[in-house]
Amino acid sequence: MLKQKLNWKRPLFYLLLPIFLVMVFLGFPLPVAPPPAAKPAQEQTAVVKKKKKRIGLFVSEADREGP
């Protein structure tokens with residue numbers, strides 16, 4: 001009775017028909033907005049260690065005293 005051979009081409013055509021009509025008027029590929037720009041990563045700060053002043057052999061007496 002209802003045991004008919006189903007054809008997959010006709011339902012597929014009717015499912016894809018609206019998509020094809022939209023593509024006819026808007027073009028191919030479909031115009032979509034570009035993805036949002038990626039935010040730059042937060043800058044990492046590095047601790048800067050102060051170098052100790054070394055008194056060299058060729059430093060005058062006035063420089064050794066300091067402020």
Side-chain angles (χ1 to χ4, degrees):
M1 288 186 205
L2 296 174
K3 199 171 189 181
Q4 296 177 357
K5 186 176 181 182
L6 295 177
N7 190 358
W8 59 271
K9 293 180 183 178
R10 185 168 298 208
L12 183 65
F13 173 75
Y14 285 113
L15 287 174
L16 295 178
L17 185 63
I19 296 172
F20 290 139
L21 289 176
V22 169
M23 289 170 57
V24 164
F25 293 109
L26 294 181
F28 179 81
L30 293 175
V32 293
K39 294 181 180 177
Q42 184 177 0
E43 294 182 12
Q44 300 293 328
T45 58
V47 177
V48 178
K49 295 181 181 178
K50 292 185 178 181
K51 293 184 178 180
K52 294 181 181 178
K53 286 189 176 183
R54 297 181 63 190
I55 300 175
L57 296 176
F58 301 107
V59 178
S60 65
E61 288 292 327
D63 291 339
R64 288 188 198 167
E65 295 296 323

Taking a hydrophobic cluster as the set of Ile, Leu, Val, Met, Phe, Trp and Tyr residues connected by side-chain heavy atoms closer than 4.5 Å, whether directly or through intermediates, do Leu15 and Leu17 fall within one such cluster?
-> no
Do you reckon Ile19 sits in the same ILVMFWY cluster as Tyr14, going by side-chain contacts under 4.5 Å, direct or chained?
-> no
Should Phe13 and Val22 be regarded as members of a common hydrophobic cluster, given that ILVMFWY residues are connected when their side-chain heavy atoms come within less than 4.5 Å of each other, either directly or indirectly?
-> no
Tell me whether Leu26 is reachable from Leu16 by hopping between hydrophobic residues (I, L, V, M, F, W, Y) whose side-chain heavy atoms are closer than 4.5 Å.
-> yes
